[in-house]
Amino acid sequence: MKKYKLGIVGATGAVGQEILKLLEKREFPASEIKLLASARSAGTELNIIGEKIIVEETTAESFNNLDFAIFSAGSENSIKFAPEAVKRNCVVIDNSSAFRMDASVPLVVPEINPTELEKHQGIIANPNCSSAIALMAIYPLHKRFGLKKFFASTYQAVSGAGAMGPVSLDQEVTEAVSGAPVPNSLPSAFPHPIAFNLIPHVDQFREDGYTKEELKMSNEARKILALPSLKVSCTCVRVPVYRAHSISINAEFTKQVNLPDAIQAVSSFAGLDFMDKPEEKIYPMPIYSSEKENCQVGRLRVDHASDNGLAFWVTGDQLWKGAALNAIQIAEEMINRNSLRKIF
Ligand code: A2P
């Protein structure tokens, strides 16, 4: 089997670390793994697949002779280094939002729109974490009933805010329980207390009152589902959960819905577990979605508030299906399709 040379930009970060775990778990066919980060981490030793690898500072030359590079180091670094990688014939799979809405960049969830990979021109974008998880449940229902619009409310875990998110939650819970401030408290990753609270504010507000995160759900759903006039309204909420996002969705369809067909559609979709036995208290919950490759969907019912609507609840590990796993699946799918170097 052919093996590939892979770079991980942001290898020391929250998503980078999950990528390393998953490469090993999924036995990715790598002949070389180059760990890249900022100058701050250059020289750090990380363990991967039983080998110690030294982290290097990311430079344009880092991409010489690599087949793929998975970027998880924020938009600025993607904008700076992705074109350098492409110039050197290295395919970029980008976890940032930098290129997602660029018409020449495929935005891909491999279970949904893998054929888009054939059109790449060197960069493939990985969707926002909440969009990827929501669409894993929406897509099989769309295929069956034809999606018209959807409303979504997200319940986003603190680890989605970077490494400081869980630290802030830990600190605030300790302070609340002990009744005393924790010495050497770090500034919070959130604009308000997150312990025992919900914050309806993820990312920056726009003039129309939505946040940028909420608009990602609308724009990315339109692009991934190839439904340019799809109507979406989303409210994103940060919740005091360590890991895995949950999303409550009310979707309206063009065809008449029925529950048996809806259940059949979600149950048979790869990458999605149907968990829905309310009488036995079985439904998806973020605590059980952590470190799971599949997303979970449940609480599936006919929506009382719309003519052809379904209401459902989906959970998924935002560091895996919402980022690291989806990126690795993109690389695997490109290998399977032999679409690695097709365009440039
Ligand atoms: P470093 O650890 O050297 O700062 P997170 O999302 O968890 O905050 O992680 C961000 C990742 O992006 C880290 O691996 C971080 O590396 C990396 N990073 C930050 N700035 C740069 C840069 N200028 N060049 C390459 N990687 C960077």
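Whatever order the structure lists ligands and atoms in, that order sets their numbers, starting from 1.
Counting heavy-atom neighbours within 6.0 Å of Arg301 CZ, excluding the residue itself, gives a total above 12.
A donor-acceptor contact under 3.5 angstrom links the side chains of Thr154 and Gln156, judged on distance only. For the residue pair Glu252 and Asn308, no side-chain donor N or O sits within less than 3.5 Å of a side-chain acceptor on the partner.
Checked options Arg243, Lys21, Lys292; the residue passing with Asp317 is Arg243 (criterion: salt bridge (Lys or Arg N to Asp or Glu O under 4.0 Å)).
Residues meeting the ring pair (Phe, Tyr, Trp, His ring centres under 6.0 Å) test with Tyr139, sequence neighbours left out: Phe269.
Residue-level contacts of ligand 1 at the 4.0 Å heavy-atom threshold are Gly10, Ala11, Thr12, Gly13, Ala14, Ala37, Ser38, Arg40, Ser41, Thr58, Ser72, Ala73, Asn77.
Residues Gly309 and Val257 share a closest heavy-atom pair of O-CG2, 3.6 Å.
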